[in-house]
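Lettering follows sequence order; numbering is per chain, from 1. Scope of the values below: all heavy atoms of this structure, side chains included, with no hydrogens, waters or symmetry mates.
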Amino acid sequence: MSSELSPLLSVTFHEQGCDHLIELVHQRDEHARRQLASVDVAVYDADGKMLGDIPVDPRDEVVDLAGRLAGHGLAGERVMVVLDSRYDERAFPYRPHHYAFVHPRRAAAAPLYYAVNAVLGGVPDRIGATGINNFETYLFLRRHLAARPGLALGNPSRFATAEAQVFAYYGAQRQTQKVVLEPKRHTEIGLPATLEGEPLGRVEVKSLFKLATYVLARRARSGELVLFDHLFTYFK
Amino acid sequence: MTTPGLPEPVDSMLLCYCTNLTIGELRRAYLDGRWPLPDKERTGKLCTGCLGDLLYCLRRFSAAR
């Protein structure tokens with residue numbers, strides 16, 4: 001076991017008008033809450049420009065992201081929030097997990113609870129995992145969505161432009177979209193809810209390297225989020 | 001070779017979050033002909049998130065040789 005701290009870089013997206021609470025460490029033990037050694041939080045606009053960083057005390061249990069972002073001039077924008085953490089593997093033998101609540105203010109819908117997407121360091125070398133991580137899938141419920149589905153993608157790399165293919169499956173048919181993201185850029189693409197009467201059944205994202213990816217769905221009229229979840233790597 | 005708008009690879013930057021490889025370690029190993037280092041062979045192959053940056057750095061270091 002190494003005394004060197006292990007790194008983890010996780011990414012989420014935040015929209016103006018939402019309450020957004022991030023639980024820095026989801027795990028607990030019998031004696032106390034486990035803590036990160038450090039966490040740096042940086043915020044980027046859709047063009048990849050860094051808007052600022054948010055000082056966070058790793059002893060904090062929950063970070064009020066919306067509150068901390070107030071004053072960053074983000075009216076109506078979606079921003080990419082990058083959490084760059086260091087942790088002791090003796091406290092987290094696998095790795096820490098950040099979870100979060102997001103809720104559009106004044107929305108009637110319930111808050112959405114989700115796992116923050118671990119992008120870099122999500123598969124630490126010491127656990128010996130061999131699965132691929134850059135081909136991700138999300139299965140939708142087998143009924144028509146009463147909302148507009150979509151996909152939010154972000155590229156947390158420093159130097160490399162990402163080209164991703166997004167496949168949306170409707171019964172035996174599929175639609176393909178290509179997304180190109182320069183470093184730190186992010187975007188949201190729409191996915192038709194139905195195709196020739198068939199509901200959206202699954203979406204896949206394939207790229208050279210892992211991106212920050214979330215499926216989402218919005219109410220047709222208000223645009224309120226009613227789904228926000230990361231994709232999964234089913235292929236081992 | 002530089003790409004406009006991109007930061008320079010700085011040695012202290014952590015490149016691979018799965019194997020704890022810094023850009024400086026990669027640069028030195030590559031320029032000395034020791035890449036991949038014995039304990040860093042899986043760089044870019046675990047979470048895959050750094051693979052694009054790894055290939056970018058290797059191209060940069062190759063051009064500088």
Can you sort out the partners of F101(A) under ring pair (Phe, Tyr, Trp, His ring centres under 6.0 Å), two or more places apart, ordered by chain and number?
Y113(A)
Kindly write out the residues that satisfy ring pair (Phe, Tyr, Trp, His ring centres under 6.0 Å) with F228(A), not counting sequence neighbours, or none if the list is empty.
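With sequence neighbours excluded, F228(A) shows a ring pair (Phe, Tyr, Trp, His ring centres under 6.0 Å) to Y114(A), Y214(A), given in chain and number order.
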Give a yes or no on whether the backbone of C18(B) and the side-chain of D125(A) come within a donor-acceptor separation of less than 3.5 Å.
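A pair under 3.5 Å: no.
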Sub-3.5 Å donor-acceptor pair from the side chain of D53(B) to the main-chain atoms of S157(A), do we have one?
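No, D53(B) side chain to S157(A) backbone: no donor-acceptor pair under 3.5 Å.
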With only heavy atoms counted, which part of I127(A) is less than 4.5 Å from chain B, the side chain, the backbone, both or neither?
neither
Where does D84(A) contact chain B at under 4.5 Å (heavy atoms): side chain, backbone, both or neither?
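Just the side chain, heavy atoms under 4.5 Å.
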If you count heavy-atom pairs under 4.5 Å with chain B, which of [options] comes out on top?
| options | value |
| --- | --- |
| A160(A), A118(A), P7(A) | P7(A) |
| T161(A), L120(A), V119(A) | L120(A) |
| K184(A), R158(A), E182(A), R95(A) | R158(A) |

Please name the pair of heavy atoms, one in G121(A) and one in C47(B), separated by the smallest distance, quoted to 0.1 Å.
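Residues G121(A) and C47(B), closest heavy atoms: N-SG, 3.5 Å.
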So, for S6(A) and N20(B), which heavy atoms are closest and what is the spacing to 0.1 Å?
CA-ND2, 4.4 Å
Among R42(B), M13(B), K45(B), which has the most heavy-atom pairs under 4.5 Å with chain A?
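When all of R42(B), M13(B), K45(B) are compared, R42(B) has the most.
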Rounded at 0.5 Å granularity, tell me how far [atom1] in [X] sits from [atom2] in [Y].
| X | Y | atom1 | atom2 | value |
| --- | --- | --- | --- | --- |
| C50(B) | L9(A) | SG | CG | 11.5 Å |
| F209(A) | L55(B) | CZ | CG | 9.0 Å |
| L15(B) | F159(A) | CG | CZ | 7.5 Å |
| K210(A) | L51(B) | NZ | CG | 13.5 Å |

Name all residues meeting the side-chain hydrogen bond (donor to acceptor under 3.5 Å, both in side chains) criterion together with Q165(A); count only those two or more places apart in sequence or in a different chain, and write none if there are none.
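So Q165(A) forms no side-chain hydrogen bond (donor to acceptor under 3.5 Å, both in side chains) with any residue.
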Proximal to chain A - members of residues 26-39 of chain B, heavy-atom separation under 4.5 Å
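Counting heavy atoms that sit under 4.5 Å from chain A, the residues of residues 26-39 of chain B involved are D39(B).
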Would you mind reporting whether P124(A) and L46(B) have side-chain heavy atoms less than 4.5 Å apart?
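Of all side-chain heavy-atom pairs linking P124(A) with L46(B), none is under 4.5 Å.
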Please classify the contact of I23(B) with chain A as side chain, backbone, both or neither, using a heavy-atom distance under 4.5 Å.
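For I23(B), the side chain is the part near chain A, not the backbone.
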